[in-house]
Amino acid sequence: MLLRARRGGDPARGLAARRAVRPLLVTEHAGLALALLAGLLLLHLRGWGPGRARWLGLKLGLTVFLVVPLEAMHAWVCHVWIARGLRQTAAPPFARDLERGIGMDDMIRALALPLLGVGIPLIVWLSVKQPF
């Protein structure tokens, strides 16, 4: 939705798309937080820890040092910077917070694509195969 709005070249259309996407972003970030909490609960219920198996330690490390920081930064940018800018701006020209937030959002998405594109399949593979 955001890419289509950006291709149109109309800033007002991009602003409307950002406002329309906000509930989906809340759902995405809440879902990730719920999945992480469920994983921690399962670890606790089974009595597992990072030292139980090397594959589990690697999986937890990838999650804690790759997935969580990227998604936390994305949530901060979306729900603080961009949200503040959307409240300040009814129409173009954009508020400075919104410009910075959109730039940071684009940067985080550019970083997340290759990092999570490799990291998530590796996490899934570690879960399924339990190689070591």
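Worth knowing before you read on, the calculation uses all heavy atoms, side chains too, and leaves out hydrogens, waters and symmetry mates. We number each residue from 1, following the sequence as shown.
The minimum heavy-atom distance linking A20 with P23 is given by the pair O-CD, 3.3 Å. Taking all atoms of both residues into account, the shortest heavy-atom contact from G101 to W81 is CA-CE3, 3.7 Å. Counting all heavy atoms, side chain and backbone alike, L70 lies closest to I108 at O-CG2, 4.1 Å. The two atoms that bring W55 and P131 nearest to each other are CB-CD, 3.9 Å, heavy atoms only.
In this structure, L36 and L40 have side chains that are not in contact, with every pair of non-hydrogen atoms separated by 4.5 Å or more. L41 has its side chain out of reach of L37: every pair of non-hydrogen atoms, C-beta onward, lies at least 4.5 Å apart. Looking at F132 and L126, their side chains come closer than 4.5 Å, going by heavy atoms from C-beta outward. Residues M104 and H74 have side chains not in contact (no heavy-atom distance under 4.5 Å, counting atoms from C-beta outward).
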>> As a quick check of understanding, evaluate side chain to side chain contact (heavy atoms under 4.5 Å, CB included) for E71 and E28, giving each step before the final call.
In response: CA-CA 10 Å; E71 287 300 319; E28 173 192 344; 3.5 Å; yes

> After noting the C-alpha distance and the side-chain angles of I123 and L66, does the key distance pass the side chain to side chain contact (heavy atoms under 4.5 Å, CB included) rule?
Replying inline: CA-CA 11 Å; I123 289 171; L66 179 68; 5.7 Å; no

> side chain to side chain contact (heavy atoms under 4.5 Å, CB included) between V67 and L62: does it pass, once the steps are laid out?
Replying inline: CA-CA 7 Å; V67 176; L62 284 169; over 6 Å; no

>> Set out, in order, the CA-CA distance, both residues' side-chain angles and the distance that settles side chain to side chain contact (heavy atoms under 4.5 Å, CB included) for L116 and L111, then state yes or no.
In response: CA-CA 8 Å; L116 295 180; L111 282 171; over 6 Å; no

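No more than 12 heavy atoms of other residues, nucleotides or ligands lie within 6.0 Å of CH2 in W76, so this atom counts as exposed by the packing criterion.
Connection of V80 to M107 is established within a shared hydrophobic cluster, with ILVMFWY side chains joined at heavy-atom distances below 4.5 Å, either directly or through further cluster members. Cluster membership for V26 and V68, using ILVMFWY side-chain heavy atoms within less than 4.5 angstrom, is not shared. Side-chain heavy atoms closer than 4.5 Å link hydrophobic residues (I, L, V, M, F, W, Y) into clusters, and following such links, even through other members, never connects V118 to V124. W125 and L56 fall within the same hydrophobic cluster, where Ile, Leu, Val, Met, Phe, Trp and Tyr residues are linked whenever their side-chain heavy atoms come under 4.5 Å apart, directly or through other members. Taken together through direct or relayed side-chain contacts under 4.5 Å among Ile, Leu, Val, Met, Phe, Trp and Tyr, I120 and L115 form part of one hydrophobic cluster.
A salt bridge is defined here as a Lys NZ or Arg NE, NH1 or NH2 lying under 4.0 Å from an Asp or Glu carboxylate O, and R18 with D105 meets this definition.
Separation of atoms CG (L113) and CZ (R109) is listed at 10.5 Å; rounding is to 0.5 Å.
R19 contributes a side-chain N or O that, together with a main-chain N or O of L86, makes up a donor-acceptor pair within less than 3.5 Å. Between the side chain of H29 and the main chain of L25, a donor-acceptor pair closer than 3.5 Å is present.
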